[in-house]
Amino acid sequence: MIDYKFQLSWPFSNKRDVMDKAYVHGYDSRENRRLQDQANTLVELLHSDTSYPAGSRILEVGCGVGAQTVTLARNSPNASLLSIDIFEESITEARGAVESNGLSNVQFLCADIFNLDLESESFDHVFVCHVLEHLSQPDNALAILQSLIKVGGTITVIEGDHGSTYFYPDSEAAQKAIQCQVELQKRTGGNANIGRELYPLLKAAGFSSVNVSPRMVYVDSSKPGLVEGFTKNTFTAMIEGVRESSIAAGLIGETTFDEGIRALYRTTEQDGVFCYTFFKAIGTKR
């Protein structure tokens, strides 16, 4: 394995308190399960074309609980991964997930993307999934990552876009509940609609040959795995998770929010349909 030098520099006395505010979904066992459900359900859609050559050095940024790390390591068994996250407990979860799957090509570091002490141009590839949406300065983050990639290397970025959500039967209350999550994330400096911005963000960061492919999750009752894994356990669970904070912030009333959640579950019935789009962008450093 490769030994990487790093330095964590976090200018707050209580990192956990700060991250709880920045990560609108929260850090608890329920969110851990939601992330694992999302990763397992969408592995083919998002990662069927994600693999790296033998001998590659890959930096995974914001690995969280390792929901994506396991797939990365499994798809590229002869590459070396350095997976970083700012939250120590997430690193512990991710390490456990990798070990329980019998994978040995990953190292973990607790580190802040904006205060990394890593050698310039030391990675062949960088992988970023569901991270930029939580950053107030995604452009600066991409500039930092660009400096760590070797000439000819690539960056892969995957983000969702809540503005792409639509379903049948439609529901104004459900749309309002979803908008609560968008607004809460905006108030922490994030952007739940960042998927549509990946092309200009990567171009502005200096990447060339940028290619963005939309990955739509289409769910109806003929796809029971997606009904359970995505509509219920990923998306609706995510919106349910911001109920208390949305009401406390005065964004919505209890009755309307609960009606919205019922409407989202209604889309999982025999005649229901749910759609959401992720965007996967790949850029090259020239």
### Task
Under the salt bridge (charged side-chain N to carboxylate O under 4.0 Å, His left out) rule, what do Arg95 and Asp85 come out as? Steps first, then yes or no, please.
CA-CA 11 Å; Arg95 183 178 288 111; Asp85 198 272; over 6 Å; no

### Query
After noting the C-alpha distance and the side-chain angles of Glu119 and Leu148, does the key distance pass the side chain to side chain contact (heavy atoms under 4.5 Å, CB included) rule?
CA-CA 7 Å; Glu119 185 179 350; Leu148 298 177; over 6 Å; no

### Task
Go through Thr154 and His125 one step at a time and tell me if the side chain to side chain donor-acceptor pair (under 3.5 Å) criterion holds.
CA-CA 5 Å; Thr154 67; His125 307 282; 2.7 Å; yes

#### Entry: Derivation of the side chain to side chain contact (heavy atoms under 4.5 Å, CB included) call for Asp161 and Ile194
CA-CA 6 Å; Asp161 192 314; Ile194 201 169; over 6 Å; no

### Message
Could you go through Phe114 and Leu116, starting from their C-alpha distance and side-chain angles, then the distance that decides it, and tell me whether this counts as side chain to side chain contact (heavy atoms under 4.5 Å, CB included)?
### Response
CA-CA 6 Å; Phe114 294 105; Leu116 290 173; over 6 Å; no

### Query
Going through the distances and angles, do Ile58 and Ser80 end up as a side chain to side chain contact (heavy atoms under 4.5 Å, CB included)?
CA-CA 6 Å; Ile58 304 154; Ser80 297; over 6 Å; no

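Residues Val131 and Ile84 fall within the same hydrophobic cluster, defined by Ile, Leu, Val, Met, Phe, Trp and Tyr side chains chained together at heavy-atom separations under 4.5 Å. A chain of hydrophobic side-chain contacts below 4.5 Å, direct or via other Ile, Leu, Val, Met, Phe, Trp or Tyr residues, connects Leu202 to Tyr199.
To the nearest 0.5 Å, atom CZ of residue Phe123 and atom OG of residue Ser147 are 10.5 Å apart. Note: Gln181 CD to Ile239 CD1 = 5.0 Å, rounded to the nearest 0.5 Å. Note that CG of Leu42 and NE2 of His47 are 8.0 Å apart. Values are rounded to the nearest 0.5 Å. Atom NZ of Lys176 sits about 9.5 Å away from atom OG of Ser171, to the nearest 0.5 Å. Glu240 contributes atom CD, which lies 7.5 Å from atom CZ of Phe257 (distance to the nearest 0.5 angstrom). Here the NZ-CG distance, from Lys285 to Leu145, works out to 10.5 Å after rounding to the nearest 0.5 Å.
Applying the 6.0 Å contact sphere to CD of Glu172 captures no more than 12 heavy atoms from other residues, nucleotides or ligands. Applying the 6.0 Å contact sphere to OH of Tyr166 captures no more than 12 heavy atoms from other residues, nucleotides or ligands. The number of heavy atoms from other shown groups lying within 6.0 Å of CD (Glu269) is above 12.
Here the side chains of Val217 and Leu45 are in contact, with some heavy-atom distance below 4.5 Å. Under the 4.5 Å side-chain criterion, counting only non-hydrogen atoms from C-beta, Leu226 is in contact with Thr41. Contact check for Leu103 versus Val70: side-chain heavy atoms found under the 4.5 Å cut-off. For the pair Ile155/Phe207, a side-chain contact is recorded, criterion being any heavy-atom separation below 4.5 Å from C-beta on. With contacts defined as side-chain heavy-atom distances shorter than 4.5 Å, the pair Phe274/Lys232 does not qualify. Looking only at side-chain heavy atoms (C-beta outward), Asn105 and Asn78 stay at 4.5 Å or farther from each other. Phe230 is not listed as a side-chain neighbour of Lys223, based on a closest heavy-atom distance of 4.5 Å or more. Side-chain contact between Lys280 and Thr156 is present, with heavy atoms from C-beta onward closer than 4.5 Å.
For residues 201-211, every residue pair satisfying the side-chain hydrogen bond (donor to acceptor under 3.5 Å, both in side chains) rule, not counting sequence neighbours, is listed here: Ser208-Arg286.
Between Asp124 and Lys150 there is a salt bridge, since a side-chain N of the basic residue sits under 4.0 Å from a carboxylate O of the acidic one. For Asp170 and Arg266, the salt-bridge test fails: no basic side-chain N is under 4.0 Å from an acidic carboxylate O.
Across every non-hydrogen atom of Ala141 and Ile113, the tightest pair is CB-CD1, 3.7 Å. Across all non-hydrogen atoms, the minimal contact from Asn101 to Arg74 is OD1-NH2, 2.7 Å.
Side-chain polar atoms of Glu197 and Asn191 form a donor-acceptor pair below 3.5 angstrom. Side-chain N/O atoms of Gln185 and Glu133 include a donor and acceptor closer than 3.5 Å. Inspection of the Glu183 and Gln179 side chains reveals no N or O donor paired with an N or O acceptor under 3.5 Å.
In this structure, the ring of Tyr276 has its center less than 6.0 angstrom from the ring center of Phe278.
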